[in-house]
Colleague: 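Let me give you the structure first, and then I'll get to my questions.
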There are 2 protein chains.
Amino acid sequence: MVNMTIKEIAEILGVSTATVSRVLNKSGGYSDKTEKRVLSVLEKYNYQTNVMAKGLRTKSTKSVAVILPDMANEYFAKIALAIENYLMPKGYSINIYNTSADINKEQVILRDLQSRGVDGIIYISGDQGLPNESLKHNIPVVCVNQLEDLGQEVTVIESDNNHGGYLATDLLLKNGCQNILLLRDERHIIPVDERQKGYEKALKENHKPVKDDLIRRISFDVTEAQRSIEEVIKEGIMFDAVFASSDLLAIGALKALQKKELKVPNDVQVIGFDNVTFSMYSNPSLSTIHQDTQELGTQAAKYLFDWMEKSILPSHSRTVIPVGLVKRETTK
Amino acid sequence: MVNMTIKEIAEILGVSTATVSRVLNKSGGYSDKTEKRVLSVLEKYNYQTNVMAKGLRTKSTKSVAVILPDMANEYFAKIALAIENYLMPKGYSINIYNTSADINKEQVILRDLQSRGVDGIIYISGDQGLPNESLKHNIPVVCVNQLEDLGQEVTVIESDNNHGGYLATDLLLKNGCQNILLLRDERHIIPVDERQKGYEKALKENHKPVKDDLIRRISFDVTEAQRSIEEVIKEGIMFDAVFASSDLLAIGALKALQKKELKVPNDVQVIGFDNVTFSMYSNPSLSTIHQDTQELGTQAAKYLFDWMEKSILPSHSRTVIPVGLVKRETTK
DNA sequence: GCCATTTACGTAATCGTTTACGTTTCATAA
DNA sequence: TTATGAAACGTAAACGATTACGTAAATGGC
């Protein structure tokens, strides 16, 4: 069945299109009686407003763009899902843009956003920071994660990475570990650096030295993590715990330890970061720091919504979402 | 910088909007000279066409909806990603709709699709089949996966589940297994049933009986899988291999076996289905059947594209994508 | 040079809404 | 009764593109 237009509805009722539009938008200027008549006909013919026509006139498409590195990555996907769950019931539709790998894709995306006239953008950073250009188009932008310092210009929602690093390290220390290896992403990005700062803070609080040869920087890759741990063992460096800056790296560490017949958690304790679904299923199941992707997405969506609909510019440019300690089998 | 309109561009050039529109759409009816002049001005002012205005006129939004159960599930996300990678370079944008959990969300989505005027729909089935209504709106629909028999009415892209089941079982048999436990999703949906048929086919070809007490139907859940295997062991049923109808269930089986101190693959061999990322990282790494999500998505997108742009109705209503055997450490 | 085509462009209607402005209706007060 | 104001509704111009149709200019053939 093809859609009705406002004009057709108006003709059926013997009123003007203006009246129909008014009751559709509840903008007043009609009697109770006509409201009921109009509504019943709209209902009867299952009228759906044509968003393009409406958008052309009002310059609002009721759609937001979610830009992320890779939706096949559970972490980003979960955040995007939370965004959708918040925004869909409010009448918005979500356009997903994967930036992955392609550098000039960013350009294509920005052009597309502009010509489609999205009402807002949520930018989830992973590999690279927010491109400055996207701020130039005077359309609301909210960022999840902050990779580089962008000043006060943008609204950022992020996990409490520092405290996460602290929590993980503190647990290991409380469990009696003396030499905690930090296995971290080699890139200089804020979230990872913050996790390391939390690690160092916990050590200092417990009057332990921060040893450079216990801090390993590697690329974000499972086999790299595995190789790195094997290397450390070969070098004869003593350690009784591994804090990996992500679950993926922790899994690699786990594999290396199990290959070397080291018992987890008896010989070496391991803790990751993120709490991806699989960390629960590994064997032994992985202790980790939970990132609240649900809340990251919801908060970002909420800020964007208020900005778009009520023109409320977020009051604080940084919002920090708490993280949680998840104890499983790789720690005591 | 705010966007230019065709009218403004035309005024700058001293031509009509029609001429500008014509060179924009390369529809002919202009000289080489004016084409160059127009293009240079378009370039200079970084003109972006307003998709809403264009869509209103042409009734095409250059956007497609991807409906899936849950984008946080890697399997669905990968298919959606492949769709995006195919369709974005062709000028389409992707609207993602998660149906998860919410029954009446399906209704909301369908209404939204209609009022937004998407040019096409790709429906990725997971938990539930395609709702009939979506076919009524005379807009191109392509389905990935087929849960129930829908007749010839729809275009379906799916993995060769039957052959996957066969490959998995055949490997186990060739490895000398005598009693292969089939751990399957309890739901009566085609993909799972087909995997079982492949399992039975391999057994019959090797003159082995299909034993009912070796076929376990459980809900789609890791701990359920674990529980089920523990139960089988408690019942004293002999088995030397497990073929799980998905990697998730295989992981559960693995956990149960390791808890019972059964060695994988020496005492029991295990093989899953899907080849999710994590199957590679489990310990021991999981042998499995690879579903080509890349190809599933690309093919679906290709069919939809031809349908939308060239009005080519897909010639065969079912397209089967080959699966592959991935041997890792849980099989010999 | 003249007529017939073809080419190049302009004019204006159209897509389906919203909304400023104008008009009618009606209740109320003087 | 009549003036007054509010309430209810209609008219028509936008929003920014596309495109059928008309017209002027260029081209070609004789």
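Keep in mind it's a predicted model, so treat the numbers as computed, not measured. Order of the sequence lines sets the chain letters (A, B, ...), proteins ahead of strands, with each chain counted from 1.
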Colleague: Quick one: is C/dG16 close enough that its OP1 or OP2 comes under 4.0 Å of any side-chain N or O from A/Y47?
Modeller: no
Colleague: Would you mind reading off the distance between B/N3 atom CG and D/dA17 atom C1', rounded to a whole angstrom?
Modeller: 13 Å
Colleague: Please determine, for the side chain of A/T19, which listed nucleotide (C/dG16, C/dT14, D/dC9) has the closest atom?
Modeller: D/dC9
Colleague: For D/dT18, does OP1 or OP2 lie under 4.0 Å from any side-chain N or O of B/N25?
Modeller: yes
Colleague: Over how many whole Å does the gap from B/I9 atom CD1 to D/dT18 atom P extend?
Modeller: 13 Å
Colleague: When we call it a touch if two heavy atoms are under 4.0 Å apart, what does B/S27 touch: a base, just sugar-phosphate, or nothing?
Modeller: nothing
Colleague: Quick one: which of D/dA17, C/dG16, C/dT19 gets closest to the side chain of B/K59?
Modeller: C/dG16
Colleague: Identify which nucleotide among C/dT17, D/dA17, C/dC9 has an atom closest to any side-chain atom of B/Y30, counting heavy atoms from C-beta outward.
Modeller: C/dC9
Colleague: So, B/K36 and B/E43, do they make that salt bridge, N to O below 4.0 Å?
Modeller: no
Colleague: Is A/K7 near enough to C/dG16 that one of its side-chain N or O atoms lies under 4.0 angstrom from OP1 or OP2?
Modeller: no
Colleague: Indicate, with a heavy-atom threshold strictly under 4.0 Å, whether B/G14 touches base, sugar-phosphate, or nothing.
Modeller: sugar-phosphate
Colleague: Taking any heavy-atom pair under 4.0 Å as a contact, classify B/S31: base, sugar-phosphate, or nothing.
Modeller: sugar-phosphate
Colleague: Any base atoms under 4.0 Å from B/V15, or only sugar-phosphate, or nothing? Heavy atoms, all strands.
Modeller: sugar-phosphate
Colleague: Which listed nucleotide (D/dA17, C/dT19, D/dT18) is nearest to the side chain of B/R57?
Modeller: D/dT18
Colleague: Check whether any side-chain nitrogen or oxygen of B/T34 sits under 4.0 Å from OP1 or OP2 of C/dA8, and answer yes or no.
Modeller: no
Colleague: Please report, rounded to the nearest Å, how far the P atom of C/dC15 is from the CG atom of A/L56.
Modeller: 14 Å
Colleague: Side chain of A/I6: nearest nucleotide among C/dT17, C/dT11, C/dC15?
Modeller: C/dT17
Colleague: For the pair made of NZ in B/K54 and P in C/dT17, what is the distance, rounded to whole Å?
Modeller: 21 Å
Colleague: Can you tell me if the side-chain N/O atoms of B/S16 get under 4.0 Å from OP1 or OP2 in C/dG10?
Modeller: yes
Colleague: Give a yes or no on whether a salt bridge exists between A/K62 and A/E309, defined as a side-chain N under 4.0 angstrom from a carboxylate O.
Modeller: yes
Colleague: Between A/K78 and A/E74 (salt bridge meaning N to carboxylate O under 4.0 Å), is one present in this structure?
Modeller: yes
Colleague: Does a side-chain N or O from B/T58 land closer than 4.0 Å to OP1 or OP2 of D/dA17, or not?
Modeller: no
Colleague: Could you tell me whether the side chain of A/R22 has a donor or acceptor atom within less than 3.5 Å of a complementary atom in the base of D/dG10?
Modeller: yes
Colleague: Could you walk me through whether B/Q291 and B/S159 satisfy the side-chain hydrogen bond (donor to acceptor under 3.5 Å, both in side chains) test, starting with their C-alpha distance in whole Å, then the side-chain angles of each, then the deciding distance to 0.1 Å, before giving a yes or no?
Modeller: CA-CA 7 Å; B/Q291 276 209 65; B/S159 281; 2.7 Å; yes
Colleague: Against B/V142, only a single residue in B/F305, B/W307, B/Y123 fulfils side chain to side chain contact (heavy atoms under 4.5 Å, CB included); can you say which?
Modeller: B/W307
